[in-house]
Protein chains: 2
Amino acid sequence: MIYELYYWPGIQGRGEFVRLVLEDAAAHYVDVALVPEEKGGGVSALEHYLEGADIERPPFAPPFLKAGRQLIGQTANILLFLGARLGLAPRDASGKLWLHQLQLTVADFVVEIHDTHHPIGSGLYYEQQRPAAKRRSKDFLVNRMPKFLNYFERVLERNPSNGPGMVRTSITYVDLSMAQVIAGLRYAFPTASRNALRICPRLRALHDQVFARPRIKRYLASERRLAFNNDDLFRRYPELEIHDKASARQ
Amino acid sequence: MIYELYYWPGIQGRGEFVRLVLEDAAAHYVDVALVPEEKGGGVSALEHYLEGADIERPPFAPPFLKAGRQLIGQTANILLFLGARLGLAPRDASGKLWLHQLQLTVADFVVEIHDTHHPIGSGLYYEQQRPAAKRRSKDFLVNRMPKFLNYFERVLERNPSNGPGMVRTSITYVDLSMAQVIAGLRYAFPTASRNALRICPRLRALHDQVFARPRIKRYLASERRLAFNNDDLFRRYPELEIHDKASARQ
């Protein structure tokens with residue numbers, strides 16, 4: 001089967017969590033936004049599914065995936081579907097549910113990361129909400145980021161199979177997502193994330209292990225992988241960063 | 001089976017989406033926070049699962065559900081699990097996935113509703129973030145709330161089985177959640193939600209139909225159903241409301 005991934009061009013965004021799974025599994029897929037419009041691709045292909053009056057099960061927003069006749073939206077839901085098919089999830093029902101629970105917690109984390117630069121409205125520019133972004137980022141870096149990271153570190157620690165990932169003995173889709181989040185946090189908040197990850201050796205090792213996987217390495221070296229940038233989910237605005245522990249306590 | 005629901009006492013919160021499913025299905029369940037501490041209940045029972053060093057699969061936050069030996073966290077994940085067991089979801093895999101996708105979109109909506117009064121940090125008081133809350137609420141009421149409501153109205157309209165719910169011919173867990181969201185929005189933003197719902201007749205009918213279901217009616221009349229209140233997800237702060245279309249355009 002050839003999967004069709006629908007996501008905005010020019011950014012990694014939430015589409016990247018799906019791409020990492022497809023790439024790691026060497027699945028055949030088309031990134032539809034990159035196909036020329038005259039060949040049925042481009043942003044108008046996305047808009048067709050979002051706005052077309054004939055779509056019986058319209059997604060609310062990208063990313064969404066077409067697999068045969070099925071149209072599947074919501075990042076975590078796409079991974080739930082793909083994980084089972086592509087060997088990136090455990091086979092038993094209770095393991096699948098636990099993995100999905102972790103992915104939904106990653107999704108919550110990602111919303112909070114996004115909202116550090118967009119606390120007032122996603123339709124406004126960052127520059128229109130800078131003071132609020134500064135306050136929200138501080139709360140995020142001091143309270144929320146450590147809470148999430150320490151949680152996932154604990155999950156790794158308590159995996160009775162002793163890893164290398166969060167569930168059972170193999171790397172799963174949630175591990176790919178977590179490694180991507182760590183890479184994104186290091187881009188966005190280099191100092192604060194280094195400080196927070198100091199007590200998370202298992203997360204640091206998981207990041208390295210995921211990005212050392214042959215297909216992921218090949219993907220990262222390809223032109224299909226976009227660079228982090230400030231139109232994206234993870235953004236580097238130095239004024240939002242906390243540079244030392246003293247200012248974190250203020 | 002007797003289900004154990006773990007959620008903070010005193011608020012409806014995200015636990016309410018689970019309660020509505022359990023109540024509608026007449027499932028046997030214990031709301032553990034309401035059981036006396038000396039009988040193994042109370043907030044310390046929640047904390048045991050959140051913080052206990054012996055919990056192999058710790059949830060990140062309430063609500064979570066115990067079903068036999070399984071511990072399941074994340075609201076949408078709990079409903080995914082319960083929906084199939086309690087007859088509140090379609091039976092085929094693709095219908096289940098579509099229903100879950102809708103529930104995840106409800107979850108996104110709920111985050112944005114919560115953040116109208118807590119745009120800077122969930123650990124701060126509302127009073128510490130009032131000006132930002134005012135701006136975020138305006139963006140929410142003018143842009144986001146109509147976008148979400150019109151989306152779900154469209155989903156109802158396009159259900160080829162012609163309802164009464166969003167998927168197939170029966171009420172499902174996502175319909176229960178949606179009705180609860182409409183009730184919450186009417187509490188929090190009576191004027192703006194009335195204006196937005198004017199062009200959503202199917203959502204208004206869905207709300208009425210859900211709250212007319214005999215077991216839901218009985219639940220709402222019982223003391224198990226808490227009133228909406230300003231320590232909760234949906235909060236009524238008149239200063240965050242938009243009272244007419246002119247101020248919405250400002």
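Per chain, numbering begins at 1; letters A, B, ... match sequence-line order. If you're wondering where the values come from, they're calculated on a predicted model, not measured in any experiment.
- Around the NZ atom of Lys96(B), the shell of radius 6.0 Å holds more than 12 heavy atoms that belong to other residues, nucleotides or ligands.
- Listed options Gly123(A), Pro160(A), Gly121(A), Ala132(A) were ranked by heavy-atom pairs under 4.5 angstrom with chain B; first place goes to Pro160(A).
- Contact tally against chain A (heavy-atom pairs below 4.5 Å) for Pro131(B), Ser122(B), Ser94(B): the top residue is Ser94(B).
- Using a 4.5 Å cut-off between heavy atoms, Pro59(B) touches chain A through backbone and side chain atoms alike.
- For chain B, the nearby part of Tyr151(A) is the side chain; its heavy atoms alone come within less than 4.5 Å.
- In terms of heavy-atom pairs under 4.5 angstrom with chain A, the leader among Ile72(B), Leu71(B), Val111(B), Leu102(B) is Ile72(B).
- For the options Ala107(A), Ala61(A), Gly73(A), heavy-atom pairs under 4.5 Å to chain B are most numerous at Gly73(A).
- Partners of Tyr7(A) under the side-chain hydrogen bond (donor to acceptor under 3.5 Å, both in side chains) rule, at least two apart in sequence or in another chain, do not exist in this structure.
- Shown here is Asn162(A), whose CG atom has no more than 12 heavy atoms of other residues, nucleotides or ligands within 6.0 Å.
- Of the listed residues (Arg144(A), Glu56(A), Gln70(A), Arg57(A)), the greatest number of heavy-atom pairs within a distance under 4.5 Å of chain B belongs to Arg57(A).
- Side chain to side chain, Asp108(A) and Gln74(B) meet the donor-acceptor criterion of an N or O pair below 3.5 Å.
- Gln101(A) touches chain B through backbone and side chain together, each having a heavy atom under 4.5 Å away.
- Neither the backbone nor the side chain of Phe140(B) comes within contact range of chain A; no heavy atoms are under 4.5 Å apart.
- Salt-bridge check for Asp115(A) with Arg136(B): passed, with a basic side-chain N closer than 4.0 Å to an acidic carboxylate O.
- Separating the CZ atom in Phe152(B) from the CZ atom in Phe60(A) is a distance of 7.0 Å, to the nearest 0.5 Å.
- No donor-acceptor pair closer than 3.5 Å links the side chain of Asn77(B) to the backbone N or O of Leu104(A).
- Under the 3.5 Å distance criterion, the side-chain polar atoms of Arg158(A) are matched with a main-chain donor or acceptor of Ile55(B).
- Between Lys138(A) atom NZ and Ile120(B) atom CD1 the span is 12.5 Å, to the nearest 0.5 Å.
- In terms of heavy-atom proximity, Arg154(A) sits nearest to Leu50(B) at NH2-O, 4.0 Å.
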